[in-house]
Amino acid sequence: MSDVLNEETLLSTLDMVGGDVEFMADLITTYRADGEVVIREMRASAASGARADLQRAAHTLKGTSASLGADDLAERCRGLEADAKDGRLDGAEGAIEAIATAFDPVVVALETWLAARSGDGTES
Amino acid sequence: MSSTAEAGRILIVDDSDVNRRLLARALELEGHESVSVGDGLAALEALAGAIDRPFDVVLLDLEMPGLDGYETLQRIKADDRLRHLPVIIISAVDEQASVVRCIKLGATDYLPKPFDRAILTARLNASLAGKRLRDLELEYLEQVGHVVSAATAVEANSFEPAALDGVAARTDALGQLARTFQRMAREVRAREDVLKRQVLELRIEIDEVRQARKVAEITSSDYFKGLRERAADLRRTVGGPDEDGSG
C-alpha cells in the first residue's frame with residue numbers, strides 16, 4: 001500500500017459508491033483533471049494576491065484529497081488554506097509547488113491501488 | 001429516531017465535482033434522487049424552481065465561489081417557503097467552528113469529510129424523518145384551518161358541507177370531527193328546509209283566512225245587504241228567477 005494514501009479512507013469511499021471500481025476509476029480521472037485546474041488557480045491567485053480565491057482553491061483540493069485518502073496532500077492544502085485565510089501569503093508559492101509536487105504521486109498511487117483491486121477483487 | 005426513511009429528493013451543493021459525484025452516487029445507492037449544483041446561487045435557483053417537486057434535504061458545502069455556504073444558508077432560512085427545509089453542512093474535521101456557526105444560522109446537521117457511508121445514511125435519514133414529520137404537521141394544521149373556516153361559515157350561514165370533503169376523508173380524529181360537522185350541518189339545513197316549508201304553508205293559510213274574513217266582512221255589511229234586496233226587487237219586477245235560481 002502506498003505511503004501517500006490512507007487505505008482505510010479509500011475503502012470507506014469505495015464502500016460509499018457500492019464497491020464500483022469503474023466508478024472509482026472515473027472519479028480518480030476527474031480528481032486528476034480538477035486537481036490540475038485547481039493548482040493552476042492556486043498559482044494565479046497567489047501571483048495576484050487574491051487571498052479569498054487561494055483559500056477556496058486550497059479548501060477544494062483539501063476536501064477531495066481527503067475523500068480519496070490523500071491525507072498528507074490534504075494536510076498541505078489545509079495549511080495553505082489557513083495561511084490564505086489569515087493573509088500569510090509570503091510562503092504561498094512554495095506551499096503551492098509542494099502541493100503540485102505531491103499531487104502526481106497521489107494520482108498514480110490511486111490508479112495503482114484501484115488497478116490492484118480491479119485485478120484480483122481483493123483488498124491489497 | 002428512524003433508522004430507515006422513504007426515498008428523498010436531495011440537493012447537493014458543492015463546488016468540487018469529485019464530491020458532487022461521490023455524494024450523488026452514494027445517494028443513488030440509498031434509493032434517493034439527487035440534483036447537484038456547484039455554487040450557492042445555482043442552489044437558490046434550483047430551490048426556487050422546484051415547485052412541483054420540492055427538495056427534501058440540502059447537502060451544503062461552505063467554501064464555494066460566488067455565493068458561499070453561509071450566505072446560501074442564510075437566504076434559505078430567510079425564505080418562508082424554504083426555511084423548514086433541512087440543511088446538512090458538508091464540513092471537514094477542522095471546521096467545527098464553522099459548523100457551530102451554521103447550526104446557529106439554522107442548519108440541521110453536519111456531514112464530516114472524508115465521507116462515511118454509515119454517517120451519511122444516518123444523518124440523511126434523520127433529516128428526512130424530521131422533514132416528513134414537519135410536512136405532516138403543516139398539512140394537519142392546514143386541515144384544522146379548514147374546520148375552523150367551516151365554523152366561521154356556519155355562523156355566517158354560508159357553510160357548504162362539501163367544503164370539508166377533503167378533511168372528512170381522513171381516517172383520524174380530525175376526519176371524524178369533519179364528518180360529524182358535515183352531518184350536523186346537513187341535519188340543521190334539512191330541519192331549516194322543513195321549517196321554511198311549514199312557514200310557507202302557514203302563510204298561505206293565513207292569507208286564505210284573511211281573504212275569507214274580508215269577504216265575510218263585505219257580505220255582512222248593511223250596504224251589501226241593501227244591494228241584495230234591491231237586486232231581489234228587480235228580479236221580481238222583471239219576473240226573473242230568485243237569487244237561489246227558484247221561482
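Every value quoted in this text rests on a predicted model; they were computed, and no experiment measured them. Labels below follow one simple rule: chain letters A, B, ... track the order of the sequence lines, proteins then strands, and each chain is numbered from 1.
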(message) Need one label for B:Asp68: side chain, backbone, both or neither, based on atoms under 4.5 Å from any heavy atom in chain A.
(response)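 Contact with chain A involves no heavy atom of B:Asp68 at all.
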(request) Name the region of B:Leu120, side chain, backbone, both or neither, that has any atom closer than 4.5 Å to a heavy atom of chain A. (result)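 The answer is the side chain of B:Leu120.
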(request) Would you check, one step at a time, whether the test side chain to side chain contact (heavy atoms under 4.5 Å, CB included) holds for A:Arg56 with B:Asp15? (result) CA-CA 10 Å; A:Arg56 194 165 45 243; B:Asp15 65 331; 4.2 Å; yes
[X], [atom1] atom: more than 12 neighbouring heavy atoms under 6.0 Å:
X: A:Glu97; atom1: CD; value: yes
X: B:Glu187; atom1: CD; value: yes
X: A:Glu22; atom1: CD; value: no
X: B:Glu192; atom1: CD; value: yes
X: B:Lys77; atom1: NZ; value: yes

Atom of [X], atom of [Y] and distance for their closest heavy-atom approach:
X: B:Asn19; Y: A:Ser67; answer: OD1-OG, 3.4 Å
X: B:Pro114; Y: A:Ala66; answer: CB-O, 3.4 Å
X: A:Asp15; Y: B:Arg117; answer: O-NH1, 2.9 Å
X: A:Glu81; Y: B:Glu63; answer: OE2-CG, 4.4 Å

(message) Strictly less than 4.5 Å between heavy atoms, which residues of residues 29-45 of chain A line up against chain B? Please order them by number.
(response)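 Hits under 4.5 Å: A:Thr30, A:Tyr31, A:Asp34.
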(message) I'd like to check A:Met16 versus B:Leu29 (side-chain heavy atoms, cut-off strictly below 4.5 Å). Are they in contact?
(response)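 Contact flag for A:Met16/B:Leu29 side chains = no.
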(request) Report the distance from atom OG of B:Ser16 to atom NZ of A:Lys62, rounding to the nearest 0.5 Å. (result)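 It comes to 12.0 Å.
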(message) Working to the nearest 0.5 angstrom, can you tell me the gap between B:Asp14 CG and A:Thr60 OG1?
(response)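 These two atoms lie 7.5 Å from each other.
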(request) Flag the pair A:Asp26 and B:Arg21 as a salt bridge only when some basic side-chain nitrogen lies within less than 4.0 angstrom of an acidic carboxylate oxygen. (result)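 So A:Asp26 pairs with B:Arg21 through a salt bridge.
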(message) Please classify the contact between A:Thr9 and chain B as side chain, backbone, both or neither, with a heavy-atom cut-off of under 4.5 Å.
(response) side chain
